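For reference, the structure discussed in these notes is given below.
Naming convention: chains lettered A, B, ... in sequence-line order (proteins, then strands); numbering from 1 in each chain. Just so it is clear, the structure is predicted and the values come from calculations on it, not from any experiment.
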Protein chains: 2
Amino acid sequence: MEKKLSRAEQKARRPHEILDAAFEEFVEKGYAATRVEDVAARLGVTKGTVYLYFPTKEALFEATIGHVSAPFEDVRASIDALQGSHSDRLRQLLLLGYDKLSGDRKTRELLRLQLAEGSRFPNIIDRHYSEFIAPLLDAVRALIEQGVASGEFHQGAAASIPEVVISSAVHLTIWKLIFADRNPIDEATFIEAHIDLVLNGLLARRR
Amino acid sequence: MEKKLSRAEQKARRPHEILDAAFEEFVEKGYAATRVEDVAARLGVTKGTVYLYFPTKEALFEATIGHVSAPFEDVRASIDALQGSHSDRLRQLLLLGYDKLSGDRKTRELLRLQLAEGSRFPNIIDRHYSEFIAPLLDAVRALIEQGVASGEFHQGAAASIPEVVISSAVHLTIWKLIFADRNPIDEATFIEAHIDLVLNGLLARRR
DNA sequence: ATCCATTGACTAACTCGTAAGTCAGCGATA
DNA sequence: TATCGCTGACTTACGAGTTAGTCAATGGAT
């Protein structure tokens, strides 16, 4: 097949290949139980090759985390492009959140690794927080504040804590991580229920 | 101090002591990185002692999980004792959920272990689901259905998916697991916001 | 176009440390 | 003194990290 890779091309691809393989292994086994040799075996190479590109297993792990951490900038652009009433935009924002968080396997498994290995690799948590979570919460908060200011959303405790508005997306993500395919949930209905609840909960009461 | 323990008493306590120590170690390091010798060291004994009570590290782990899994029966009783309108009872039920899930360190860390080790110990997930999650969801679902039937809650997607109603409790639990004390949240305000959102979202609209 | 010296990505077999599991013996208790 | 919970030194296996050596791609010379 495509055995036509020049040495330079192959070498350029190696780091990516290794990180992809490492991600699968770390997700499946966790950091401690993962063997560098198994990572290498996924590419059909040996341990030594991996050590040509990454000095230690620890460095490999941290590079792997960095490799799968999607930059938030793409999301930022999508958020700014939202149109319609505040309700419409919030709905779209939530759908976007589901897409990026529970819908994307990489991001989802990244959350698992944070929970499992975070205490031994604190910096992966700090990074994920400042690069992903904080901006997302800021966007939700800003949108809700605008909605309150315009009178579309009612003033209340919920409006000041954006976390409670996106909780169901976190919940679904955790659910999928734990019950991969054992106790499946109808995702479309779940998401619909969440949006229904949130919009009803935020809308200014018409008495 | 209390060196007055007879041999029989000491022996009777050992399993408990070991499981408590094992829990701390497994939570801190994860299954693979935990050393049986460190578990023993917490009690001031040696590895050999642990192996007198548990045949393998794996058996120790599973016993540890069983040891910290609180039976749901206590909660069941509390649920049945709830009083007041459906809103009142739902509020109390949510507070109870926070107490048992995010408030109780054991249950919280149990969730971490499920996420981290669940794929290698599937039975701990099945047990937790049937003994804790399913009954809790059933209780919430039943309460919401009653509320809908009585006209207090409005019929809608949210009413049929109890998961979305308790999501924030899951979210707070995850938050505490990841950001132990780094990015603290004002829990009281968070819970208040959640309840505010949910009750507003469920109440039948008065137009 | 063919040859050949050199490079360098990769391997295979090594060392070394560590951790699970074992067991003969010890010493406090009853 | 007999019991027995516990010890600590042992074996065994395994995995991280190392390194001398291999061989195919490469590119310059004829």
Side-chain angles (χ1 to χ4, degrees), chain A residues 1-65 113 116-117 120-121, chain B residues 1-65 113 116-117 120-121:
Chain A
M1 294 299 167
E2 68 287 357
K3 281 285 185 193
K4 311 297 171 205
L5 287 179
S6 74
R7 264 182 151 188
E9 284 170 330
Q10 185 60 278
K11 176 165 188 179
R13 277 165 205 257
R14 274 284 179 254
H16 268 117
E17 291 180 335
I18 294 173
L19 292 174
D20 284 342
F23 179 71
E24 297 303 325
E25 289 291 319
F26 284 134
V27 161
E28 196 174 303
K29 314 249 188 78
Y31 176 78
T34 288
R35 293 166 37 193
V36 175
E37 185 147 11
D38 288 344
V39 173
R42 286 201 176 232
L43 313 180
V45 299
T46 60
K47 204 168 35 154
T49 303
V50 174
Y51 280 100
L52 290 177
Y53 295 88
F54 302 93
T56 62
K57 185 183 174 186
E58 209 171 301
L60 175 62
F61 181 73
E62 296 197 329
T64 301
I65 297 296
L113 288 175
E117 318 292 351
R120 270 148 292 151
F121 296 91
Chain B
M1 293 298 167
E2 70 287 357
K3 282 286 185 193
K4 312 296 172 207
L5 287 179
S6 74
R7 265 184 149 184
E9 284 169 332
Q10 185 60 279
K11 175 163 189 179
R13 278 165 205 257
R14 275 283 180 253
H16 269 119
E17 291 179 336
I18 294 174
L19 291 174
D20 284 342
F23 179 71
E24 297 304 325
E25 289 291 319
F26 284 134
V27 160
E28 196 174 304
K29 314 249 187 78
Y31 176 77
T34 288
R35 294 167 41 196
V36 175
E37 185 147 11
D38 288 344
V39 172
R42 286 201 175 232
L43 313 180
V45 300
T46 61
K47 205 170 33 155
T49 304
V50 175
Y51 280 100
L52 290 177
Y53 294 89
F54 301 93
T56 63
K57 185 184 174 185
E58 210 171 301
L60 174 63
F61 182 73
E62 297 196 330
T64 302
I65 297 295
L113 288 175
E117 317 291 351
R120 270 148 292 150
F121 296 90

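Remark: C1' of dT3(D) and CG of Leu52(B) are 15 Å apart, rounded to the nearest angstrom. As rounded to whole Å, 12 Å separates atom C1' of dT3(D) from atom NZ of Lys11(B). Between the NZ atom of Lys29(B) and the C1' atom of dA19(C) there is a distance of 12 Å, given to the nearest Å. Whole-Å rounding puts the Gln10(A) CD to dG8(C) C1' distance at 13 Å. At whole-Å resolution of the value, CZ in Phe26(B) and P in dA19(C) are 14 Å apart. Going from atom CZ of Phe54(B) over to atom C1' of dG5(D) covers 15 Å, rounded to whole Å.
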(message) How would you summarise protein contacts on nucleotides 10-16 of chain D per nucleotide, using B for base, S for sugar-phosphate only and - for none, with heavy-atom distances below 4.0 Å?
(response) -----SB
(message) Within the 4.0 Å limit for protein heavy atoms, which parts of nucleotides 25-30 of chain C are touched? Write it as a string from 5' to 3', B for base, S for sugar-phosphate only, - for none.
(response) --BBSS
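Residue Thr46(A) places at least one side-chain N or O closer than 4.0 Å to OP1 or OP2 of dT11(C).
Evaluation of the ring-ring contact (aromatic ring centres under 6.0 Å, His included) test over residues 33-52 of chain B, restricted to residues two or more places apart or in two chains, returns none. Applying the salt bridge (Lys or Arg N to Asp or Glu O under 4.0 Å) rule to pairs touching residues 53-62 of chain B yields nothing, sequence neighbours excluded.
Side chains of Arg13(A) and His16(A) form no contact here, defined as non-hydrogen atoms less than 4.5 Å apart.
How far CZ of Phe121(B) is from CD1 of Ile65(B): 8.5 Å, rounded to the nearest 0.5 Å.
In this structure, the helix from dA1(C)-dT30(D) to dA30(C)-dT1(D) shows an angle of 10° between the axis at its start and the axis at its end, each fitted on 5 base pairs and rounded to 10°.
The residue Tyr53(B) sits close only to the backbone: its heavy atoms come under 4.0 Å of sugar-phosphate atoms, none of a base.
Considering every non-hydrogen atom in both Thr34(B) and Val39(B), the closest pair reads CG2-CG2, 4.0 Å. The two residues Pro15(A) and Ala12(A) come nearest to each other via the heavy atoms CD-O, 3.5 Å. Heavy atoms only, all atoms of each residue included: Thr64(B) and Ala22(B) are closest at OG1-CB, 3.5 Å. The shortest non-hydrogen separation linking Ala40(B) to Thr46(B) is CB-C, 3.4 Å.
Taking 4.0 Å as the cut-off between side-chain N and carboxylate O, Lys29(A) and Glu25(A) count as a salt-bridged pair.
Residues that satisfy the salt bridge (Lys or Arg N to Asp or Glu O under 4.0 Å) test with Glu28(B), not counting sequence neighbours, are Arg42(B).
A distance-only check finds no donor-acceptor pair linking the side chain of Glu17(A) to the backbone of Leu43(A) [under 3.5 Å].
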